[in-house]
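Heads up: the structure comes next, in structure tokens.
Note that the structure is predicted; figures quoted are calculated from it, not measured.
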Amino acid sequence: MAVFKNPNGLWYARVSTGIKGSKGNYKYITSKHGFPNRADAVMDEAQLRIFVASGKTEALSKMRVYEMLTRYMASKNLRKTTLKTYTAAVHHIQKYIPDIPIRDVTPMHIENFRQSVCAEGRSPETARTLFSFVKAAFGWAEDMDLIMRSPARNLKLPEKPEPKGLHIEMDLLKEILATVKRCKYAQLYMPLLIAGMCGLRISEICGLQDRDVTDTDIRVQFNFLRAGKDLSLQPLKTKAAARTVPVIPFVASEIKEYRKFLRQCKKAALQRRKELEKKPGFLGGDPAWAASGFFFVYPDDGRPHGKEYVENQWKFFKKSAEMAPLIRKHPELAGMRLHDFRHTFGSNLRFSGAPIEDVTEILGHTNSNFTRMTYALPLEGTHARSMKRFEALVKNLAKL
């Protein structure tokens with residue numbers, strides 16, 4: 001596409017040079033600044049084509065570092081949370097790399113930047129974010145033919161930290177769910193059940209609409225997150241996160257029981273309102289039951305739950321007397337996060353023999369290697385179980 005509109009609302013022209021880079025991709029040149037309308041970008045495209053035809057595509061850009069970083073961000077369709085992280089990274093980078101023309105940035109500038117970040121004692125996660133952002137931004141500038149060669153090409157990223165997730169076996173998960181069902185049914189049971197048995201994120205569970213949950217599957221379409229002060233339905237993290245997850249009969253039965261519980265709660269709420277209306281001086285107010293359309297709601301009035309509410313309920317429940325016997329028996333549960341129920345689902349699904357590609361798709365990931373290394377770690381006995389299946393195959397072959 002020769003003319004395109006970036007998320008920043010401005011139009012740009014982009015023209016191929018016809019020259020292949022080191023990775024086999026064609027190099028492009030793009031507008032040095034955005035235009036308010038498409039017609040102006042089309043005019044700039046004509047100028048760029050003349051520039052390419054003249055053989056001057058090796059000319060170096062006068063764009064400065066800060067503008068380049070901003071333009072790089074604008075070239076990406078970033079979620080709000082990622083955009084916030086990148087914006088913070090730009091402010092950090094400005095402290096270390098001078099705002100000079102990007103053609104004047106040398107590998108020594110990048111090395112000084114790396115040493116300064118390390119000397120400040122920043123966490124490996126923060127350093128990795130800063131380094132990868134700088135490397136990607138300068139790589140983008142090289143691909144756009146704004147510079148001849150990225151000065152950050154040799155910038156090494158810190159090693160990725162070990163996965164933090166807690167992966168527990170199915171028997172222990174069942175014990176936790178049974179305890180929660182007995183003691184915190186309305187507040188915690190559904191999110192922990194669906195996270196641990198279907199692999200949904202908590203924000204996805206809070207965003208489920210009643211119509212999305214059936215006896216056979218769960219359709220994931222939204223996150224329910226706080227945008228500013230208010231909770232609202234938000235787009236999913238990635239395209240792969242939009243998925244339909246089949247449910248096993250046990251989960252379908254528990255969902256049916258939960259819906260029956262909510263019907264009873266709604267009936268009780270309406271009855272309480274009728275009794276209040278009979279009292280003198282009743283002034284009305286909010287409806288007795290919110291027709292929100294959400295699946296997971298407060299049992300008193302039907303309002304949807306937020307992720308923060310569920311996280312706090314789990315945090316306090318872990319410290320309760322009801323959970324104390326399980327914590328004494330399994331001390332690791334004291335540090336178990338809500339998100340670890342999703343990790344647990346991935347590992348148990350892998351243990352059951354599901355191909356890693358299926359685990360990836362059910363979890364809503366785009367990269368099966370990420371799933372394998374983070375969300376579907378082998379439980380004790382996973383490999384032995386696989387070898388038993390292989391042994392059974394060999395025995396069958398021996399009968400031929």
Side-chain angles (χ1 to χ4, degrees), residues 4-15 17 19-35 41 44 48 51 56-161:
F4 62 94
K5 189 176 183 180
N6 264 0
N8 63 4
L10 298 177
W11 287 88
Y12 295 85
R14 189 180 185 214
V15 175
T17 64
I19 301 171
K20 285 189 176 182
S22 58
K23 296 182 180 178
N25 299 324
Y26 283 100
K27 288 193 173 185
Y28 292 83
I29 56 172
T30 189
S31 303
K32 291 187 177 180
H33 57 81
F35 298 92
D44 192 58
L48 290 177
F51 182 69
K56 297 179 180 178
T57 54
E58 298 298 325
L60 300 178
S61 172
K62 295 181 181 179
M63 186 184 297
R64 302 178 82 85
V65 171
Y66 181 74
E67 182 187 353
M68 183 269 291
L69 296 175
T70 305
R71 286 278 298 277
Y72 168 67
M73 287 195 295
S75 72
K76 304 293 181 182
N77 186 19
L78 302 175
R79 294 184 303 123
K80 288 182 179 179
T81 52
T82 307
L83 180 61
K84 185 177 179 181
T85 301
Y86 277 16
T87 302
V90 169
H91 292 307
H92 283 305
I93 293 162
Q94 279 185 289
K95 292 175 14 182
Y96 309 118
I97 302 178
D99 191 27
I100 57 178
I102 56 176
R103 65 185 181 185
D104 296 333
V105 178
T106 66
M108 184 54 69
H109 285 109
I110 302 300
E111 176 59 20
N112 290 338
F113 157 68
R114 187 193 68 79
Q115 291 184 13
S116 297
V117 171
C118 294
E120 286 191 356
R122 295 188 178 274
S123 69
E125 292 87 353
T126 301
R128 186 177 179 84
T129 298
L130 292 173
F131 295 171
S132 61
F133 180 76
V134 166
K135 193 165 187 173
F138 276 101
W140 171 83
E142 180 182 351
D143 291 340
M144 288 297 183
D145 221 23
L146 300 174
I147 52 178
M148 291 288 291
R149 198 175 184 191
S150 167
R153 60 189 177 277
N154 294 323
L155 178 59
K156 292 184 179 179
L157 306 183
E159 293 292 330
K160 280 188 176 181

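- For the pair Ala127 and Pro158, the tightest heavy-atom approach, listed with the atom from each and the gap, is CB-CG, 4.0 Å.
- Taking every heavy atom of both residues into account, Ala141 and Ile102 meet most closely at CB-CD1, 4.3 Å.
- The side-chain heavy atoms of Phe133 and Tyr86, taken from C-beta on, include a pair separated by under 4.5 Å.
- Minimum interatomic distance between Phe131 and Arg114 (heavy atoms only, all atoms of both residues): CZ-CG, 3.6 Å.
- Under the 4.5 Å side-chain criterion, counting only non-hydrogen atoms from C-beta, Asn154 is not in contact with Ile110.
- Using a 4.5 Å heavy-atom threshold, the side chains of Leu155 and Pro151 count as separate.
- Using modelled atom types and a 3.5 Å distance limit, the side chains of Thr126 and Thr129 yield no donor-acceptor pair.
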Could you go step by step and tell me if His109 and Ile100 meet the side-chain contact (heavy atoms from CB on, under 4.5 Å) rule? CA-CA 11 Å; His109 285 109; Ile100 57 178; 3.9 Å; yes
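- Distance alone, capped at 3.5 Å, places no donor-acceptor pair between the Glu142 side chain and the Ile147 backbone.
- Side chain of His91 to main chain of Ala88: no donor-acceptor pair is present (N/O by atom type, distance under 3.5 Å, no hydrogens or angles).
- The distance from the OG atom of Ser75 to the CE atom of Met144 is 6.0 Å, given to the nearest 0.5 Å.
- For Tyr12 and Phe35, the distance between ring centers is not under 6.0 angstrom.
- Between Pro101 and Met63, the closest side-chain pair of non-hydrogen atoms is not below 4.5 Å.
- Heavy-atom minimum distance, Ala137 versus Met68: O-SD, 3.5 Å.
- Atom CD1 of Ile93 is separated from atom CG of Asp99 by 12.0 Å, given to the nearest 0.5 angstrom.
- Checked by atom type, the side-chain pair Tyr96/Gln115 shows no donor-acceptor distance below 3.5 Å.
- Counting only heavy atoms from C-beta outward, the side chains of Leu10 and Asn6 never approach each other to under 4.5 Å.
- Lys95 has its side chain within reach of Glu120: a pair of non-hydrogen atoms, C-beta onward, lies under 4.5 Å apart.
- One finds the OG atom of Ser116 at 11.5 Å from the CG atom of Leu130 (value rounded to the nearest 0.5 Å).
- Side-chain contact between Met73 and Val90: present, with at least one pair of heavy atoms (C-beta onward) separated by less than 4.5 Å.
- The minimum heavy-atom distance between Trp11 and Ala41, with the atom names listed, is CB-CB, 3.7 Å.
- With respect to Glu67 and Arg64, no salt bridge is recorded, no charged nitrogen being found less than 4.0 Å from a carboxylate O.
- Between Phe138 and Tyr72, the ring centre distance reaches or exceeds 6.0 Å.
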